[in-house]
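Data block below; observations after.
Reminder, nothing fancy here: chain letters follow the sequence lines and each chain counts from 1. Here the structure is a predicted model, which is why all the values come from computation and not from measurement.
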Number of protein chains: 2
Amino acid sequence: MGTRERKQREFEQREQLFVDTARRLIREEGLLTLQMARLARSCDYATGTLYQHFASKEDLLVALATQRLREHCALFRKATAWQAGTRDRMFALTVADEHYSRRHPTYSRLMQYVFTEVVWETASPDRRARLTAELEPVVAAITGVVEQAVAADEVKSDVLSTHELMLGPWAVCHGMQSLLQTRGLLEQLAIRAPRRSIYIHAQVLLNGLGWQPLFEIGDAPALDALVGRIEQEVLA
Amino acid sequence: MGTRERKQREFEQREQLFVDTARRLIREEGLLTLQMARLARSCDYATGTLYQHFASKEDLLVALATQRLREHCALFRKATAWQAGTRDRMFALTVADEHYSRRHPTYSRLMQYVFTEVVWETASPDRRARLTAELEPVVAAITGVVEQAVAADEVKSDVLSTHELMLGPWAVCHGMQSLLQTRGLLEQLAIRAPRRSIYIHAQVLLNGLGWQPLFEIGDAPALDALVGRIEQEVLA
DNA sequence: TCAATCATTGAACATGGTTCATACTATCGG
DNA sequence: CCGATAGTATGAACCATGTTCAATGATTGA
């Protein structure tokens, strides 16, 4: 009796249609102007049908964010699985992050909005849990890299735990992106090459952690080469 | 003819009343439930009067954020003016940031929300400009510290410019706070002592930049002592 | 004192998220 | 094939809130 299952499949397909269309509408017209009724119309369904899938607008946004995060995390997985030393793999995470954010300008804005108290607390616990769950395998993968580095004595874990060690590069990356994207906030700083700034600071932090082999910060060609290699071998 | 001026003063006082009351309401009941009509009622004014001051709800939020940012920045100014070496003053910025955020839990949430595309782009350009303007003197003060360090040869500026040098610690600080506050996102990391993590990573980054004198990362008592001194001498 | 100007009021309006009575459709036993 | 039933889709009505504006009231200056 495949009826039940077929229904289930169709339901999931329609949910996907809603999420994809929402993504397109946001890209074309902005988060600001997304309307539930219009989204439903765009998919040739009634408003009520949309609410069969999402408890609220916030719920829909969290669902969309979850999908985008999945794509984003796929890059992280690739970075951790790269055939390279632990130091380079940690750095590759930063490059992957920057890469995805640059190619999907609306992504960071969506994330920023979704993690807002106003949205996050309004979404259903189930949706929130599913978003959070996307991170689990990534955290595990990165933990693996850090543990490998500790085992190989490439970094010390006597002061910072494994999880704390991974938090630093993550924070630099996230913080730099967040600051640089805040319109008007940092225009007065007039940073010429934001990407370069992110990459250098990531390397600076890893150096500060004593993560071997240390990177010569002033060596611009080496940095460019490394970034190029990562984009080619990991993100292609 | 002081009539005009008196009116002006009363107008500003009332605006202050609105902003202060909004702050209280948000603290007591959350950002989620702030309503313009209720805010006006709480101040014994009609809704329309509130709109004499603020073009929209978003405008009000930006105005509130501006005031809070002013308080926040006052601490930064104190940190830069501290009678200490450039390295300790840079670190004091991180402590000041963490200190303010910890004592005002709603502040980061408000900021996060205000810098959202949905809010920021809806507020009037004038309000946005006024918020941005609050940062100017702080950026100037921090720039001064960095320049002093460069002049004293305590840090190299051959790779990163003055502004880029200040961006790093700022990003670490902001990024760590942002990640650690994202409910559910990092619970799986189970960071035991978030404050300590922030402080250590800040020191790690400054070490990575080669900012003299280097800090012995493992020296917990020294870190505690330094933080204690900053809280006493700078933030009291 | 009396226009004239300006500020205040809060009910009405506009928008857009959400619900729910109704209509429709698919399934299945007879 | 038919009709009963359960499940689903519909979109107009509902409701909450941000915003406006015509009416009212207060203040100023002649």
**Report entry** Residues from residues 111-124 of chain B lying under 4.0 Å of DNA chain C - heavy atoms
**Finding:** none
Report task. Answer whether the closest heavy-atom distance between the side chains of A:T21 and A:L17 falls below 4.5 Å. Result -> yes
Query raised in the report: Hey, does B:H72 have a side-chain heavy atom less than 4.5 Å from the side chain of B:D97?
Result: yes
Query raised in the report: With side chains defined as the heavy atoms from C-beta onward, is the minimum distance between B:H201 and A:L160 less than 4.5 Å?
Result: yes
Query raised in the report: Looking at side-chain heavy atoms only, is the closest gap between A:F91 and A:L205 below 4.5 Å?
Result: no
Query - Pairwise side-chain contact, A:L93 with A:W170, heavy-atom cut-off 4.5 Å (strictly under) - result: no
Query raised in the report: Which residue pairs satisfy the side-chain hydrogen bond (donor to acceptor under 3.5 Å, both in side chains) criterion with at least one member in residues 125-139 of chain A, sequence neighbours excluded?
Result: A:E15-A:R127, A:D59-A:R127, A:R70-A:E134, A:D126-A:R130
Report task. Measure up the B:W120 and B:F115 rings against each other and bin them: parallel (under 30°), tilted (30 to 60°), perpendicular (over 60°). Result -> tilted
Report summary line: A:Q8 atom CD is separated from D:dT8 atom C1', nearest whole Å, by 14 Å
Requested in this report: Write down the atom of A:V62, the atom of A:A123, and the distance for their closest heavy-atom approach.
Outcome: CG2-CB, 3.5 Å
**Report entry** Gap between atoms CD and P, on B:E10 and D:dA26 respectively (whole Å)
**Finding:** 15 Å
Query raised in the report: Roughly, in whole Å, what's the span from CG in A:D59 to P in C:dT19?
Result: 11 Å
**Report entry** Ion pair B:R102/B:E98, N-O distance below 4.0 Å
**Finding:** yes
Requested in this report: Measure the distance from CG on B:L61 to P on D:dT17 and round it to the nearest whole Å.
Outcome: 15 Å
Query raised in the report: Taking only residues two or more places apart in sequence or in another chain, which ones pass side chain to side chain donor-acceptor pair (under 3.5 Å) with B:H174?
Result: A:S178
**Report entry** Residue pairs passing the side-chain hydrogen bond (donor to acceptor under 3.5 Å, both in side chains) test where at least one lies in residues 23-40 of chain B, sequence neighbours excluded
**Finding:** B:R23-B:E71, B:R24-B:E28, B:E29-B:R38
Query raised in the report: Of all of residues 32-57 of chain B, which get a heavy atom below 4.0 angstrom from DNA chain C, listed by number?
Result: B:R41, B:Y45, B:A46, B:T47, B:G48, B:T49, B:Q52
Query - Interface with DNA chain C, restricted to residues 12-24 of chain B and to heavy atoms under 4.0 Å - result: B:R14
Requested in this report: Mind calculating the distance between NZ (A:K7) and C1' (D:dG7) to the nearest angstrom?
Outcome: 7 Å
